[in-house]
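See below for the structure under consideration.
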Amino acid sequence: MTKPSLPKGTRDFLPSEVMKRKYLFGILEEVFLRHGFVPIETPSLELMQTLTGKYGEEGDRLLFKILNSGNFLEEADVAALEQKDSFKLAGSIAKRGLRYDLTVPFARFVVMNRDKISFPFKRYQIQPVWRADRPQKGRYQEFYQCDCDVVGSKSLLYEADLLSIYSQAFSRLGIEVAIHVNHRAILAGIAEASGIAGHFTDMTVCIDKLDKIGEAAVHEEMVKRGIGPEAATRVLQLIQSTTLESLIPSLSGTASGKKGIDDLKAIFNMLKGYTLQQEIRFDPALARGLSYYTGFIVEVVAKNAKMGSLGGGGRYDNLTGSFGLPDVPGVGISFGAERIFDVMESMDLFPKNIGGSLQALIVALDPESMEYGIRITQTLRSSEIAADQYPELVKMNKSMKYANDLKIPFVVIIGEEERNTGRLSLKDMVSGNQEKLEVGELIKKIKTPI
RNA sequence: GUGAAUGUAGCUCAGCUGGUUAGAGCAUCAGAUUGUGGUUCUGAGGGUCGCGGGUUCGAAUCCCGUCUUUCACCCCA
């Protein structure tokens, strides 16, 4: 016998947890659908050639690879095997891998299905992804991503739409958030205005850490990466601006700075037509995931919970380029479902009534009542009541305990007397009251909300 | 990839500087209660102390190795 255990970074979900997760995903789906996004699904497995090279060296290392079937060593790269070069060997023995995110498979999907979809194509996708990362708090090797993207349009209307989705979704979930917005061109403008255009990546890597390590440490790190101390000070000064207007004097001289400011202005202008319940804040210090974002960028942070980002996204201009379809612009956002779940759990934001599913348990006391109970159960079920019959004739306290453990609100007790009179005992498990009712009354009673 | 912890009953954990038969709570099962759950009381079952080696008269306890899991960093959701 082997001791049961799970691979690291994976979890079982109990019924109550699955119900909560469905509730969360359900709300997201409703918001997505209402904004005109449609669902797609892609396989868990992709070809390694689809996945490798898309996430940088680090990402390639974290890909789960799937061994080829059969005697896969026959085709193994012998030289790599002898050199113990695992990475090189993998290419010859694993032609498939588990998807690492939903964005790259989506890019493949768009390229392969471009004849079947109409642009702009608005899709959402809620599926698990896998990463061979070291797990830690709130981070798993298998987790769900909820992505929402539009491809095939450069219109800034979609930026506004996606911000509206964030606002509505978090409001409906009951989480108060700040939606931070920035633009890659503004960051480029800041670099240019500080005379360090050549150090753009160094700059963004550093300022991304601002809220984590503080101003002084960011300054120090910028200098360490070859940015002059004065330029670093200038950068820090510029990224602390809280309004677009205050950046205009410094950035309007640079082409990219102007472009970024114009874009964001246009987005904010469109947002005036939306009803937004959450704060949307311009934050020039936001420098997230810049490796593939080319325009607008966004990140969502909970206001009342100590938790990293609950979601993020941005515009990218060349999603499908690596699959041979250039110039397809896109903009998208992602919800960090696992973290949102944790925040909602810690703030007790799930409705109380999503735990139990069964509304009535039928308990029979003798073999004839068992048969009678089957018919009653079916009657209740066809009256849209979630009903179930206790399957064995046992001491009643056992079946009552079962009803109690499952939080079933009503128990229908059927014995000889009930059978003869046609009036069944209905016990309300919350109040403990019990009364004898005919089936019709009983159904009405169970369906009446408390 | 770097660093630090951890591992004892199904679960959460106690077990002092080594000393007979390894404990508790929860959970399970049975009874108090032969037609009534939650609370309570009584009892029962359940352990190769992660695995391997070493020190010792004696190891859950000390040492070494190994595996597992967790936490932090990197990175990221």
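In what follows, every chain begins at residue 1, and chains take the letters A, B, ... in the order their sequences are listed. Quick caveat: nothing in here was measured; it's all calculated off a predicted structure.
At a threshold of 4.0 angstrom between heavy atoms, the contacts of A:Glu299 with the nucleic acid are absent. Counting any heavy atom pair closer than 4.0 Å across all strands shown, A:Gly432 reaches a base atom. At the heavy-atom level, A:Asp101 lies nowhere under 4.0 Å from the strands shown. Among the atoms of the strands shown, only primed sugar atoms or phosphate atoms (P, OP1, OP2) are found under 4.0 Å from some heavy atom of A:Lys8. Residue A:Tyr144 is out of contact with every strand shown, counting any heavy-atom pair closer than 4.0 Å. A:Ser425 comes within contact range of at least one nucleobase, with a heavy-atom separation under 4.0 Å. Residue contacts shown for A:Gly138 include a base, since a base heavy atom lies under 4.0 Å away.
Look at NZ on A:Lys401: it is 12 Å from C1' on B:U39, rounded to the nearest Å. Between the P atom of B:A77 and the CZ atom of A:Arg99 lies a distance of 15 Å, rounded to the nearest Å. At whole-Å resolution of the value, CH2 in A:Trp130 and C1' in B:C76 are 18 Å apart. Straight-line distance from the CG atom of A:Asp405 to the P atom of B:C29: 9 Å, rounded to whole Å. Between A:Asn397 atom CG and B:U34 atom P the separation is 8 Å, expressed in whole Å. As rounded to whole Å, 15 Å separates atom C1' of B:U36 from atom CG of A:Leu393. Computed from coordinates, the A:Asp12 CG to B:C11 C1' distance equals 14 Å when rounded to whole Å. Summarising the geometry, the separation between OH on A:Tyr293 and P on B:A77 is reported as 7 Å, rounded to the nearest angstrom.
In this structure, of B:G31, B:U70, B:G35, it is B:U70 that holds the atom nearest to the side chain of A:Pro135. For A:Gln145, the side-chain atoms get nearest to B:A77 when compared with the rest of B:A77, B:C71, B:G31.
Using the Watson-Crick or G-U wobble rule with both distances under 3.5 Å, B:G65 pairs with B:C51. Base pairing analysis places B:C73 opposite B:G1; the two distances defining the Watson-Crick or G-U wobble pair are each below 3.5 Å. Nucleotide B:A14 is matched to nothing when pairs are restricted to Watson-Crick or G-U wobble geometry with both distances under 3.5 angstrom. If you check B:A59 for Watson-Crick or wobble pairing at under 3.5 angstrom, you find it has no partner at all. Across all strands shown, B:C29 is found opposite B:G43 as a Watson-Crick or G-U wobble partner, with both distances under 3.5 Å.
With both ends at atom P, the span from B:U70 to B:U39 equals 32 Å, rounded to whole Å. A distance of about 39 Å separates the C1' atoms of B:G19 and B:G31, rounded to the whole Å. A distance of about 15 Å separates the C1' atoms of B:G23 and B:U61, rounded to the whole Å. Nucleotides B:U28 and B:U56, compared at atom P, are 48 Å apart to the nearest Å. Of the P atoms belonging to B:C11 and B:U48, the separation is 13 Å, rounded to the nearest Å. When the P atom is compared between B:A30 and B:U36, the two are found 16 Å apart, to the nearest whole Å. Comparing B:A5 with B:A9, their C1' atoms are spaced 24 Å from each other, to the whole Å. The separation of B:C51 from B:G7, taken at their C1' atoms, amounts to 11 Å, rounded to a whole angstrom.
A distance cut-off of 5.5 Å between ring centres, combined with a plane angle under 30°, places A:Phe143 in a stacking arrangement with the base of B:A77.
A donor and an acceptor atom sit less than 3.5 Å apart, one in the side chain of A:Asn404 and one in the base of B:G37. For A:Glu418 and B:G35, a side-chain-to-base donor-acceptor distance below 3.5 Å is present, hydrogens and geometry of angles not being considered. The base of B:U2 lies close enough to the side chain of A:Arg134 for a donor and an acceptor atom to sit less than 3.5 Å apart. If you check distances only, the side chain of A:Arg139 does reach the base of B:C75 with a donor-acceptor pair under 3.5 Å.
Note on A:Glu371 versus A:Arg375: no salt bridge recorded, every NZ/NE/NH1/NH2 to OD/OE distance being 4.0 Å or above. Under the 4.0 Å criterion applied to side-chain N and carboxylate O atoms, A:Asp101 and A:Arg131 are not assigned as salt-bridge partners.
Between A:Lys398 and B:U36 there is no side-chain N or O to OP1 or OP2 distance below 4.0 Å. The side chain of A:Gln136 contributes an N or O atom lying less than 4.0 Å from OP1 or OP2 of B:C73.
With rounding to the nearest 0.5 angstrom, the NZ atom of A:Lys8 is 15.5 Å from the OH atom of A:Tyr140. Taking CG from A:Leu437 and NZ from A:Lys445, the interatomic distance works out to 7.0 Å, rounded to the nearest 0.5 Å.
When each of A:Lys436 and A:Lys209 is assigned the nucleotide of RNA chain B with its nearest heavy atom, A:Lys436 is the one assigned upstream, toward the 5' end.
With hydrogens and angles ignored, the 3.5 Å screen pairs no side-chain donor or acceptor of A:His35 with any backbone N or O of A:Phe37.
When side chains are defined from C-beta on, A:Val181 does not count as touching A:Ile297, because their heavy atoms never get closer than 4.5 Å.
Cation-pi geometry between A:Arg315 and A:Tyr293 is not met at under 6.0 angstrom from the ring centre and within 45 degrees of the axis.
Under the 30°/60° scheme for interplanar angles, the aromatic rings of A:Phe350 and A:Tyr23 are found to stand perpendicular.
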